[in-house]
Amino acid sequence: MRIEEHRGMELADAAGIRYLTPSNSEFAETTGHLLSVWTKGEVHSPVYVHCSFPHTNQRSFLSIRTADNKEIGLIRYLDDFPQSTASIIERQLKIRYFTPEITKVIAVSEEFGYSYWEVETTAGRCRFTVRNGSGSVKFAAENRLLIIDVDGNRFVIPHVDQLSDKEYRMIETRL
Amino acid sequence: MAGLFTFSQKRKGKIMTLLPKDIVSILDQNGIKAADLLHGMECDRLPDGGFSESYLVLSRKHLHIFCGSGVTKEKTFSGYAAGRRKAAGKPEQEGSGDWAWERIPLERLEALTIVNLVASGMVVAKEKEERVIGAFTNGHMNQAVRFAQAFDKLKNNEPFEAFEIDGKSDGASCPTCGLMYPEEGRPFCPKCMKRHAVFARLLSFAGKYRLSIFFIVLFMLLNSATGLVIPYFQGTVLFDQALAGNGAFAGRIGLVIVIILAFRTLSLLFGILFGTIIAKLAAKVAFDLKAAVFTSLQRLSLDFFMRRQTGQLMTRVNNDAQELQYFFVDGLSYFIVNAMNIIGIIAVLLWMDWRLTLICLLPMPLVFWLVRTAFPKLWRLSWRRHRKVSALNSIISDSVRGSRVVKAFGKEQVEIGRFQQANDAFSGAEQRFNKWSGTVFPILNFLTQAGGILIWAFGGWYVMQGRMSFGSVLTFVNYMMMLYGPIQFMNNIIGWWSNCMAAAQRIFEIQDAVPSVAERPGAVSLVTMKGDIEIDNVSFGYEPNKPILKQVSLRARPGQMIGVVGHSGAGKSTLVNLVSRLYDVTAGEIRIDGVNVKELSVASLRRHIGIVSQDIYVFTGTIAENIAYADPDCQMEDILHAAKIANAHDFIQKLPDGYDTEIGSGGYSLSGGEKQRLSIARAVLHNPKVLILDEATASLDTETELQIQEALDSLVKGRTTIAIAHRLSTLRQADYLVVMDKGAVVEAGTHDQLMAREGIYRELVRKHDEALKMKGEIIA
């Protein structure tokens, strides 16, 4: 998705999106481990960080929103911010997008329209149930497989091509 | 306050089951008794990632926070079958036993809110400042919402509902094994509902057709019995007796041929007989099944249909019924016959010569080994091919249906590229599958035929030694060949069996589903209705922590017209769905003529409440049938009158087929305004006491709207009407207006009262007038 500079500017003007930069905003973590932002002479607390592209780019276009879902502004690139600020925001992202990454598929079995998964994840070993069909197992981005269980809990296989043949065979028929 | 603690005894036991023993003893040591605990919830994740165990507990004076010190290394989510590995229960915790305990006096807490995160949630407490006191995965959302509600009520000194262990509330787990159902609200336990149970249930369904099935099996058996005789005559009798000049048939070739022909004819006759019975039964079974599923579907509440895609439901009614039809008609009878054939043929073979029989079975282990190793791979390849072809099809359908967009953006080349890529992938998958199946099947064929070759080799040897006649060998080989068909059938039966059981289970699921909005036993039936509607403090949400309506109250007296205005998504349509009880309220009450709608019979609700909505469905049939939908037995003139009142009469008269015009799928297509007028005519004929107008004119242009407005004006006379509208002009006749925003009533009063107040309504009117002015300018 290439956007030429001048067109990008025109669109930005029309959209009226406010970009938050290190020069016009200041982020801080509250004592209650939530995020607050100071911008345009106002402090908003708490605010929450929403990823525009949670699967393909977690460090760009982060929307800073209040609990009422009002957008305070958009961070274009997280890396524009100093490390200390970036890590506060990263922590908030972790809170919001809690998705254990599957490191190893141990067993997947199927019965009566449900599949039962046992996997090793970055958050420990997990066992969960997935409803067949209905898009519960889908590619969220190329090579990135998103699995949603019956309660809506999310798990992700970040690099499907790095699975062993055996693991791939187990998940293939669930796709 | 008295009501507040009434449940404490009940609550005590339940909260104790939620909390680990260590926490209970910590509380106990500090003088906090079980009876003091009012509500609790489990938090199972750490804000930073990873699972852990912590608990929030409400007592009369405090909010207690217990944090486990360790990180949970193993977690079993709900629905994971208990017997699969370990019981789906408490997670194992490293270093459990150490609990960090904090208690916050309730008076210091201003609010407790549940923040929805992606696939999880967190509890934020507000003292001077907000702070996160716990985070949990999606499965605990219900519990969290109840916990926060309990907190609010405790703060406001209101009574609240008794504590329930999350997910273990009524109907959420299997009564036999205690396993949580994989899906909430779907009483289906994969562990207990085994295939044999489904099978038994199916068989009981088959009871209706037992006579037909009996005859099918009988004729099939006769068909194969007569068929079984033929190899004997073709081999032993023809070669060893007739041609060799021995025994009863010596030299009587003509007779032997006639006998063979006779048996063939008999076999054919029986074949035709069971074929015709099957054809009849197939149609009957399919009809009965579809009728059964359709009837069960109609019984269910609206949310069942909203949760599932229409396509999926249609597939269920059609495909699953088809699948089961195979079961009753082909599967069951062929299974019996083939099983008998296999047993019979093997018995004959063993009787003829057990050594030869064993020899012909020699390659079997190899065949089984090949089938077991190669078939799963083949199946995977076929699945892959299926996926690729689906991808290809969706691209084709995309670019054909979206051809206007493709052309408008000049993206033909991109589409060609996208198609090529998918086509390549499909072609690759297809080639791999074909290569494999092209290798596996000939080998299998060879192996199975190797049995035959072995028989010829050993049989030939026997013949030369004089231990067996040539005719017997021929008979033997013929019988062996007859064995392949039934064995192949048995080989495929596994796949067929599981498809069939899955279909049966889905159909039974629909039959077993309990309508979420069910009529109470002894429900009140109102013969006449005055139309006095009271909406009292109603809250409603489709999902926990996502309330659509928050404590909405309003009153419509008999004959009044109440207008409901607000932005889209304010909860207006939801409100009227609750009045007609398409859904049940989460909290609060809706009363009609002083009776809670939950106490009213569904029939009397439907009889007295009519809805005209933006979303109009035209059934396949004539215009007259569509208007008379509520009362098909009405007089012709009633239909005409209703159409006249609805301003539909004139356009119908213009149609060449008048009221007999076929509409709906495949018929004459009506414009939006015409359809809307039909639906108004439908409501006029229904003649309800309470009328709900849900954005009835939203999708129409101004002129059509005016015509329809006239129709509506005559419709609302003498009825209690709740009208929802974007366009405020529609509501000019309303006696009372209610302004909704984000699920709550923010303003209420007459038009003049609301205009006098400088609020949302005034702003809406201003915007509306401006829009009209702009439109006027554009038209001018």
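Bear in mind that the values here come from a model prediction, so they are computed numbers and not experimental data. To find a chain, count down the sequence lines: A is the first, B the second, and so on, and within it residues start at 1.
Partners of B/Trp379 according to the ring pair (Phe, Tyr, Trp, His ring centres under 6.0 Å) rule, which considers only residues two or more places apart in sequence or in another chain, do not exist here.
Both the backbone and the side chain of A/Asn153 come within contact range of chain B, judged by heavy atoms closer than 4.5 Å. Both the backbone and the side chain of B/Glu130 come within less than 4.5 Å of a heavy atom in chain A. Contacts of B/Ser120 with chain A are made by side-chain atoms alone, with heavy-atom separations under 4.5 Å and no backbone atom involved. Contact annotation for B/Val115: only side-chain heavy atoms (C-beta onward) come within less than 4.5 Å of a heavy atom of chain A.
The nearest pair of heavy atoms linking A/Ser25 to A/Val37 is CB-CG2, 4.3 Å. Between A/Glu172 and B/Trp383 the shortest heavy-atom distance is O-NE1, 3.1 Å.
Without hydrogens or angle criteria, B/Asp44 side chain to B/Thr137 main chain gives a donor-acceptor distance under 3.5 Å. Between the side chain of B/Lys550 and the backbone N or O of B/Lys742, at least one donor-acceptor pair lies under 3.5 Å. A donor-acceptor contact shorter than 3.5 Å links the side chain of A/Asn143 to the backbone of A/Val160. Using a distance-only test at 3.5 Å, with no hydrogens or angles considered, a donor-acceptor pair links the side chain of B/Arg45 to the main chain of B/Pro47. Distance alone, capped at 3.5 Å, places no donor-acceptor pair between the B/Glu53 side chain and the B/Thr72 backbone. Side chain of A/Thr103 to backbone of A/Thr122: no donor-acceptor contact under 3.5 angstrom is found.
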Please evaluate residues A/Phe98 and B/Phe51 with respect to the criterion ring-ring contact (aromatic ring centres under 6.0 Å, His included), reporting the C-alpha separation (whole Å), side-chain torsions for both, the decisive distance (0.1 Å), and the verdict. CA-CA 10 Å; A/Phe98 172 63; B/Phe51 302 106; 5.4 Å; yes

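Ranked by heavy-atom pairs under 4.5 Å with chain A, the list B/Arg131, B/Arg380, B/Glu129, B/His386 is led by B/Arg380. When each of A/Thr99, A/Ile95, A/Ile148 is scored by its heavy-atom pairs under 4.5 Å with chain B, the top score falls to A/Ile95. In terms of non-hydrogen atom pairs under 4.5 Å with chain B, the most contact-rich of A/Gly124, A/Ser36, A/Pro46, A/Ser45 is A/Pro46. Counting heavy-atom pairs closer than 4.5 Å to chain A, the top residue among B/Glu127, B/Met122, B/Arg384, B/Lys377 is B/Arg384.
Within the 4.5 Å cutoff, the side chain of A/Phe128 has no heavy atoms near those of the A/Asp151 side chain.
Contact residues of residues 162-169 of chain A toward chain B are A/Tyr168, A/Arg169 (heavy-atom distance under 4.5 Å). Residues of residues 55-67 of chain A never come closer than 4.5 Å to chain B when only heavy atoms are counted.
The salt bridge (charged side-chain N to carboxylate O under 4.0 Å, His left out) contacts involving residues 19-42 of chain A comprise A/Glu29-A/Arg91, where partners must be two or more places apart or lie in separate chains.
In summary, B/Glu74 and A/Arg127 engage in a salt bridge, as defined by a charged side-chain N under 4.0 Å from a carboxylate O.
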